[in-house]
Trainee: 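Take this structure, written in structure tokens, and hold onto it; I'll ask about it next.
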Amino acid sequence: MPLTLATWNINSVRLRLPIVRRFIGEYQPDIVCLQETKCPDDQFPTADLRALGYEHIVVNGQKGYHGVAVLSRLPIASVERGLFCRHGHSRHLAVTLGEAAGSASGLTIHNFYVPAGGDEPDPEINDKFAHKLHFLDCMEAAPGNGTLRSQRAVLVGDLNIAPLETDVWSHKALLSVVSHTPVEVERFGRVMRAGAWIDAMRQCIPAEQKLYTWWSYRSPDWAAADKGRRLDHVWVSQDLGAAVDDIRVIKEARGWDRPSDHVPVLATLQL
DNA sequence: ATGGTCGGGTGCCGA
């Protein structure tokens with residue numbers, strides 16, 4: 001059975017409801033993981049999204065900032081809200097699909113929103129960067145808690161790091177820009193290795209090819225400048241490596257009306 | 001080399 005799963009930093013779910021509808025209408029994903037919902041749980045547009053076929057909705061939101069949510073057409077058996085953040089931000093949610101999900105039964109999906117880290121890539125003078133590094137350290141340590149190392153697992157989200165040279169428009173220009181600094185990329189690699197994760201996007205799209213999921217709002221013509229970064233990721237556990245059938249970066253969504261600065265990444269798994 | 005634009009919730013902060 002094919003399972004389609006999307007991850008999208010939506011930058012306010014209430015404001016973007018029209019383009020969430022458009023994306024769902026055009027691509028019909030079974031599961032949608034959202035980040036930066038910027039919405040308290042009691043104000044999440046649950047009824048609107050349920051009406052689109054997502055009967056199973058789990059949110060971990062807070063007022064004004066951050067926030068993650070999982071929309072699922074398949075039944076969810078259990079939920080976990082991560083303790084990855086020393087500031088108590090809503091930056092993680094994990095769901096495990098239930099028996100009634102058929103061949104997808106037992107699949108665990110982690111949805112992460114890693115701190116952006118501010119402007120100055122020095123943890124001594126920038127606490128936001130220190131927090132980002134600490135958050136990554138907590139993600140790395142999590143397999144010891146038995147959360148990330150489980151089999152039949154997918155980890156998606158806005159990880160706010162572009163690890164490869166081809167994940168940014170200019171490797172040289174971005175070496176000292178938060179999101180592509182060597183210290184972050186090294187931490188990113190440690191998290192991946194600790195959980196034995198596979199980078200599903202790069203398994204499908206060769207590392208020689210430029211690949212971006214985010215284009216700044218500050219560019220007057222984002223498409224012409226094309227100064228993007230791959231900040232959003234889809235990882236799968238080793239046992240699911242062969243199940244990854246397709247990855248699509250929905251670049252056109254950056255050009256939709258009132259867009260997010262991130263675009264959806266859509267993964268198809270054959271389970 | 002610099003500054004550029006968003007969103008949320010207030011009189012800026014975070015991205």
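Residue numbering restarts at 1 for every chain, and letters A, B, ... go by the order of the sequence lines.
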Trainee: Take atom NE2 of A:H131 and atom P of B:dG14, then tell me their distance rounded to the nearest Å.
Mentor: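 Going from A:H131 (NE2) to B:dG14 (P), I get 12 Å.
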Trainee: Closest-nucleotide mapping onto DNA chain B: is A:N160 or A:S12 further toward the 5' terminus? I mean the 5' end.
Mentor: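 So the residue in question is A:S12.
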Trainee: Which of these nucleotides, B:dG8, B:dA15, B:dC6, is closest to any side-chain atom of A:H66?
Mentor: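 For A:H66, the side-chain atoms sit closest to B:dA15.
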Trainee: Does A:D42 CG have over 12 foreign heavy atoms under 6.0 Å away?
Mentor: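 Atom CG in A:D42 is crowded, with more than 12 foreign heavy atoms closer than 6.0 Å.
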Trainee: Take atom P in B:dC13 and the same atom in B:dA1, then report the distance between them in whole Å.
Mentor: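 That atom pair is separated by 27 Å.
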Trainee: Please report, rounded to the nearest Å, how far the P atom of B:dA15 is from the CZ atom of A:R91.
Mentor: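 Answer to the nearest Å: 6 Å.
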Trainee: Just to verify, which of A:R187, A:H233, A:R202 counts as forming a side-chain contact (heavy atoms from CB on, under 4.5 Å) with A:P163?
Mentor: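 Among A:R187, A:H233, A:R202, the one that satisfies the side-chain contact (heavy atoms from CB on, under 4.5 Å) with A:P163 is A:H233.
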Trainee: With a 4.0 Å cut-off on N to O distance, would you call A:K210 and A:D226 a salt bridge?
Mentor: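 The answer is no: the pair does not qualify as a salt bridge.
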Trainee: Which label fits A:H87 and A:H89: parallel for a plane angle under 30°, tilted from 30 to 60°, or perpendicular past 60°?
Mentor: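 The rings of A:H87 and A:H89 sit tilted, inter-plane angle from 30° to 60°.
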Trainee: Nearest-Å distance, CG (A:D119) to C1' (B:dC13)?
Mentor: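 Spelled out: CG on A:D119 to C1' on B:dC13 is 12 Å.
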Trainee: Taking the P atom of each, how far is B:dT10 from B:dG14, in whole Å?
Mentor: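 That atom pair is separated by 14 Å.
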Trainee: Rounded to the nearest angstrom, tell me the gap between atom CH2 in A:W222 and atom C1' in B:dC6.
Mentor: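 Rounded to the whole Å, the gap is 16 Å.
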Trainee: What's the closest nucleotide to the side chain of A:L15 if the choices are B:dG7, B:dG9, B:dA15?
Mentor: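 Nucleotide nearest to A:L15's side chain: B:dG7.
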Trainee: Between A:H89 and A:Q62, name the one whose nearest nucleotide on DNA chain B is closer to the 5' end.
Mentor: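 By nearest-heavy-atom nucleotide position, the 5'-most residue is A:Q62.
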Trainee: Starting the side chain at C-beta, find the nucleotide from B:dG9, B:dA15, B:dG8 nearest to A:K63.
Mentor: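 For the A:K63 side chain, the nearest candidate turns out to be B:dG9.
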Trainee: Please confirm whether the shortest side-chain N or O distance from A:R14 to OP1 or OP2 of B:dG7 is below 4.0 Å.
Mentor: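 No, A:R14 has no side-chain N/O under 4.0 Å of OP1/OP2 on B:dG7.
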Trainee: Check the distance between B:dG14's P and A:K132's NZ and give it to me in whole angstrom.
Mentor: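 Going from A:K132 (NZ) to B:dG14 (P), I get 15 Å.
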Trainee: Taking OH from A:Y217 and P from B:dC13, how many angstroms apart are they, rounded to a whole number?
Mentor: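 My rounded result for the distance is 21 Å.
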Trainee: With respect to the side chain of A:R218, which nucleotide from B:dT5, B:dG14, B:dG7 is positioned closest?
Mentor: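 In terms of side-chain proximity for A:R218, the closest of B:dT5, B:dG14, B:dG7 is B:dT5.
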Trainee: Using whole Å, report how far NE2 of A:H262 lies from P of B:dC6.
Mentor: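 Rounded to whole Å, this separation is 15 Å.
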Trainee: Which value, in whole Å, describes the distance between the P atoms of nucleotides B:dG9 and B:dT5?
Mentor: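 Per the computed distance, 22 Å lies between those P atoms.
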Trainee: If you measure from the P atom in B:dG3 to the same atom in B:dG7, how many Å do you get, rounded?
Mentor: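 The answer is 23 Å between these two P atoms.
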Trainee: With under 30° as parallel and over 60° as perpendicular, where do the rings of A:Y113 and A:H66 fit, or are they tilted in between?
Mentor: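 A:Y113 and A:H66: tilted rings.
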Trainee: Within this structure, what is the CG-to-P distance between A:N9 and B:dT5, rounded to whole angstrom?
Mentor: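 From A:N9 CG to B:dT5 P: 20 Å.
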Trainee: Can you tell me, in whole Å, how much space there is between the P of B:dT2 and that of B:dC6?
Mentor: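 That atom pair is separated by 23 Å.
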